[in-house]
Amino acid sequence: MKQLMDRIKQDGRVLKENVLKVDSFLTHQVDPELMSDIGKEFAKQYQHRNITKVVTIESSGIAPAAFAGLALGVPVIFARKQKSLTMNQELLTAEVYSFTKQETNTIAISERFLNSEDNVLVIDDFLANGQAALGLIELCQQAGAHVEAIGIVIEKAFQTGRKLLEDKGFEVYSLARIQSLENNHVSFVED
Ligand code: 5GP
């Protein structure tokens, strides 16, 4: 998605250990026009695939997932990272190792929002080693739901996430694929 790649080039900042900071438009401040176009781009790809729910993880997956859900006309569920007092029963849970925080979190979705009739599009802001996506897939599978595909806003193609997911038979669709962040420079995978 050219518009997204241009924005990454303009506003993305490379941090140490191969982390890209995009907090001016995606992970902290959100550009709603860009998010709306991102949502439409996911919808263009998946509108004929009978998606019934979009599933993401808090917090940075919520903005692109919400716009994808709007464009597809389906509800959006975000997995929560802690069990709060109001979410203490009937939970689907999975453990996820966080690439950026280097800690393991329990993620949870209420059983009430997913079932075996659902055909899910999983969406996340970044794909690195695939652990967040894998945790979300696990929650869907616990509910008996089918995972149709994984939609990613920014894939770091030099990490192992895509291979991990594809080896398990999942389709991965990314709007921007980063080849390298070496020398503080963002380069994209040539299509
Ligand atoms: P994975 O689970 O695929 O290893 O990592 C994906 C998760 O880690 C995403 O949900 C995202 O929040 C975070 N993440 C991974 N790499 C980056 C990055 O380069 N920049 C930012 N902002 N978040 C990242």
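Atoms within a ligand are numbered from 1 in the order they appear, just like the ligands themselves. What you are looking at is a predicted structure, and each value in this text was computed from that prediction instead of being measured. The figures here come from the full heavy-atom set of this structure, side chains too, leaving out hydrogens, waters and symmetry mates. Numbers here are sequence positions counted from 1.
For the side chain to side chain donor-acceptor pair (under 3.5 Å) with T52, the lone residue among N119, N115, D118 that qualifies is D118. Looking at V76, L114, I123 one by one, the single match for side chain to side chain contact (heavy atoms under 4.5 Å, CB included) with V55 turns out to be L114.
At the top of the distance list for atom 2 (O) of ligand 1, counting protein heavy atoms only, stands A132 N, 2.7 Å. Scanning all protein heavy atoms for the shortest distance to atom 10 (O) of ligand 1 gives D124 OD2, 2.7 Å. In terms of protein heavy-atom proximity, atom 5 (O) of ligand 1 is nearest to A128 CB, 3.6 Å. Counting only heavy atoms of the protein, atom 4 (O) of ligand 1 lies nearest to N129 N, 2.8 Å. Given atom 15 (C) of ligand 1, the protein heavy atom at minimum distance is F99 CD2, 3.5 Å. Counting protein heavy atoms only, atom 23 (N) of ligand 1 is closest to F126 CD1, 3.5 Å.
For atom 8 (O) of ligand 1, the choice among L15, T100, T160 with the nearest heavy atom turns out to be T100. If you check each of N18, T27, D125 against atom 12 (O) of ligand 1, the one with the closest non-hydrogen atom is D125. Comparing V22, L20, V19 by heavy-atom distance to atom 22 (N) of ligand 1, the nearest is L20.
Where the criterion is an N or O separation shorter than 3.5 Å, residue side chain and backbone included, Q131 meets it with respect to ligand 1.
When the shell of 6.0 Å around CD of E33 is examined, it contains 12 or fewer heavy atoms from other residues, nucleotides or ligands. Other residues, nucleotides and ligands contribute more than 12 heavy atoms inside 6.0 Å of the CZ atom of R49.
Under the salt bridge (Lys or Arg N to Asp or Glu O under 4.0 Å) criterion, the residue pairs touching residues 35-47 are E41-K44, with sequence neighbours excluded.
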Determine, stepwise, if the pair F170 / V147 fulfils side-chain contact (heavy atoms from CB on, under 4.5 Å).
-> CA-CA 8 Å; F170 295 102; V147 175; 3.9 Å; yes

For F42 and F67, what are the C-alpha separation, side-chain angles and deciding distance, and is it a side-chain contact (heavy atoms from CB on, under 4.5 Å)?
-> CA-CA 9 Å; F42 282 126; F67 281 97; over 6 Å; no

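Chaining together hydrophobic side chains whose heavy atoms lie under 4.5 Å apart places I62 alongside F78.
The closest approach between a heavy atom of K156 and any atom of ligand 1 is below 4.0 Å. Heavy atoms of G161 come nearer than 4.0 angstrom to ligand 1 in no pair at all.
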